[in-house]
> 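Quick one: the structure is below, questions incoming.
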Amino acid sequence: MEKLKKTFRWFGPEFGVALKDIKQIGVEGIVAACQNIPLGEVWPMAVIQTLKDQIEAAGLEWSVVESVNVHTAIKYGLPDRDLYIENYIQTLKNLAANDIKTVCYNFMQLIDWTRTDLDYKLDNGASALRFNPLSAAAFDLFILKRKDAQKDYDKSIVEKASEYFQAQSSEEKTKLEQSILAGMPGSRKLIDLNEFRINHKRVLKISKTELQENLAYFLKAIIPEAEKLGVNMAIHPDDPPFSVFGVPRIVSNYEELKFLLTCCPSPNNGLTFCSGSLGASPKNDLLKIIEEFGDRIHFIHLRNVSRHADGSFYEADHLNGTLSMEKIMKALVKEQMKRHQLLAEVRIPMRPDHGHVLLDDQLRQNEFYAGYSLVGRAIGLAQLTGLELGVRQELIG
Ligand code: DNO
């Protein structure tokens with residue numbers, strides 16, 4: 001069977017979605033991580049095994065790790081980075097010993113994805129995640145109060161952001177701050193604003209080139225080990241794929257992907273193709289990215305976005321939005337078929353990325369992490385599965 005492998009993200013037993021429910025919606029593999037190990041420490045074999053056993057007891061397989069996060073010493077290029085790289089390699093060894101060989105990670109600074117509204121009401125009554133550049137600018141200028149931030153924005157944006165911010169009630173201002181500082185998947189803890197400020201100042205001193213060099217340094221150290229272990233590394237793109245709060249992006253477009261793939265040319269140095277992250281910028285040609293880097297795609301996140309003229313976007317349902325999910329799916333299925341002919345059995349793991357909050361999700365919204373509802377993602381998976389079958393049929397003729 002050569003279809004994409006249907007996977008679903010699960011954040012562990014404390015998370016509001018149970019494995020037995022995930023099993024019912026036709027999922028084959030779980031995307032999980034050892035959530036409770038502090039950043040930078042080795043994931044102990046026993047912890048990995050326990051999680052794996054839980055997943056298997058539910059009749060599922062642990063297909064992908066998302067994410068083994070990269071320590072800031074590595075991202076910032078600090079003197080102790082080699083120690084954290086050693087730990088990272090040991091974690092990969094422990095995962096490989098348990099036959100878990102696809103690892104997603106990212107090289108984003110400060111926060112994982114950035115959104116300005118985690119509960120954006122859609123016309124049909126469901127809610128979605130949204131990014132509004134004006135709200136982000138207001139946060140930057142008037143909450144974070146970044147030094148010289150004004151220089152990064154057009155005068156008209158500063159004026160509009162100021163008007164917008166003044167019109168907000170204090171509850172709305174708090175909600176904006178909390179939405180941005182909640183940008184860590186798998187946690188309900190908000191990032192502390194002061195801590196954010198301190199790290200932010202530090203990051204702003206590092207240039208884009210330095211960040212890219214730090215990524216290349218990391219890859220050159222870990223990829224030879226990943227090759228030996230048969231582990232496929234799959235970097236997740238920066239989300240959104242443009243600079244926020246003055247912080248440079250290094251995994252957000254064709255050129256940056258090309259840089260990271262060529263600085264360490266190995267099939268084990270690959271990508272998580274995330275349609276929603278890359279697709280939030282009109283400058284990204286997603287089909288070109290799939291065509292050119294297809295053989296390095298080890299993991300797929302599918303999600304649509306609805307982009308607007310003011311630069312804002314919200315996470316649209318999986319098949320309807322600005323992106324043509326039909327074309328994206330076709331390009332991915334073609335890649336997978338090609339690979340299947342060259343190699344033996346190849347099933348690229350695919351998961352529906354974030355889902356809307358709707359139906360029963362609305363009764364238990366507080367049990368989920370933002371973006372990771374049950375019904376919303378289940379519908380996404382069903383739609384994508386149907387789309388894949390149709391596309392495949394059309395390609396076979
Ligand atoms: C999913 C997002 C991100 C992603 C990490 C990967 O696409 O929710 O949180 O999982 O950035 O490291």
Side-chain angles (χ1 to χ4, degrees), residues 7-12 15 17 29-35 37 39-40 43 63-72 74-75 88 91-92 95 102-115 118 128-131 179-191 215 218-219 222 231-241 244 247 249-252 256-257 260 270-280 286 297-305 313-316 318 323 328 349-357 368-374 376-377 380-381 384:
T7 65
F8 211 73
R9 195 172 193 184
W10 179 67
F11 289 103
F15 171 58
V17 179
I30 291 296
V31 175
C34 296
Q35 297 283 135
I37 311 292
L39 177 64
W43 293 8
S63 310
V64 179
V65 178
E66 180 173 350
S67 309
V68 181
N69 285 321
V70 178
H71 195 272
T72 40
I74 300 173
K75 291 183 182 173
Y88 203 98
T91 296
L92 296 184
L95 287 165
T102 304
V103 175
C104 173
Y105 68 104
N106 71 74
F107 220 77
M108 281 181 259
Q109 313 302 319
L110 302 166
I111 21 183
D112 201 292
W113 43 257
T114 308
R115 297 289 182 272
L118 305 182
L129 307 185
R130 178 173 189 246
F131 179 86
S179 302
I180 291 176
L181 296 176
M184 286 297 173
S187 165
R188 275 184 258 278
K189 218 176 131 235
L190 299 179
I191 301 168
L215 173 57
F218 171 68
L219 289 171
I222 62 153
V231 166
N232 283 328
M233 296 301 296
I235 195 165
H236 188 283
D238 299 340
D239 182 2
V244 268
V247 178
R249 290 311 208 180
I250 60 164
V251 192
S252 68
E256 291 165 6
L257 293 177
L260 81 91
L271 306 174
T272 295
F273 176 81
C274 178
S275 59
S277 300
L278 292 166
L286 271 56
I297 295 175
H298 297 312
F299 184 30
I300 301 168
H301 285 181
L302 292 179
R303 166 166 71 76
N304 219 320
V305 284
F313 66 86
Y314 69 83
E315 299 189 355
H318 292 74
L323 309 176
I328 292 171
M350 176 278 286
R351 72 169 179 82
D353 204 9
H354 311 160
H356 290 168
V357 172
F368 306 131
Y369 299 120
Y372 290 94
S373 59
L374 176 58
R377 286 189 297 151
L381 181 66
L384 293 167

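Atoms within a ligand are numbered from 1 in the order they appear, just like the ligands themselves.
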> Heavy atom of M108 under 4.0 Å from ligand 1?
yes
> Which atoms of ligand 1 have any heavy atom of H354 under 4.0 Å away?
1 (C), 2 (C), 8 (O)
> Give me the residue, atom name and distance of the protein heavy atom closest to atom 7 (O) of ligand 1.
H236 NE2, 2.9 Å
> Side chains of S63 and I30, heavy atoms from C-beta outward: is any pair under 4.5 Å?
no
> Please write down residue, atom name and distance for the protein heavy atom closest to atom 4 (C) of ligand 1.
E66 OE2, 3.2 Å
> Between N106 and ligand 1, find which residue part has any heavy-atom pair under 4.0 Å and reply side chain, backbone, both or neither.
both
> So which protein heavy atom does atom 3 (C) of ligand 1 come closest to, and at what separation?
D112 OD1, 3.2 Å
> Where is the nearest protein heavy atom to atom 1 (C) of ligand 1: which residue, which atom, and how far?
Y372 OH, 3.3 Å
> Give a yes or no on whether the ring-centroid distance for F131 and Y314 is below 6.0 angstrom.
no
> Looking only at heavy atoms, which two atoms of L302 and M350 are closest? And how far apart?
CD1-CG, 3.9 Å
> State which residue, out of R115, H356, R130, fulfils the side chain to side chain donor-acceptor pair (under 3.5 Å) condition with E315.
R115
> Using a 4.0 Å heavy-atom cut-off, say whether F299 meets ligand 1 through its side chain, its backbone, both or neither.
neither
> How close does the nearest protein non-hydrogen atom get to atom 12 (O) of ligand 1, and which residue and atom is it?
S67 OG, 2.6 Å
> With a heavy-atom distance limit of 4.0 Å, tell me whether R303 approaches ligand 1 through its side chain, its backbone, both, or neither.
neither
> Shortest non-hydrogen contact from T272 to C104?
OG1-SG, 3.5 Å
> Decide if the gap between the ring center of F273 and the ring center of H301 is smaller than 6.0 angstrom.
no
> Does only the side chain of W113 get under 4.0 Å from ligand 1, or the backbone, or both, or neither? Count heavy atoms.
side chain
> Could you give me the CA-CA distance, side-chain angles and deciding distance for R9 and E66, then say whether salt bridge (charged side-chain N to carboxylate O under 4.0 Å, His left out) is met?
CA-CA 8 Å; R9 195 172 193 184; E66 180 173 350; 3.4 Å; yes
> Under 4.0 Å, heavy atoms only, figure out whether ligand 1 is touched by the backbone of T272, its side chain, both or neither.
neither
> Salt bridge or not between R303 and D239? Use side-chain N to carboxylate O under 4.0 Å.
yes
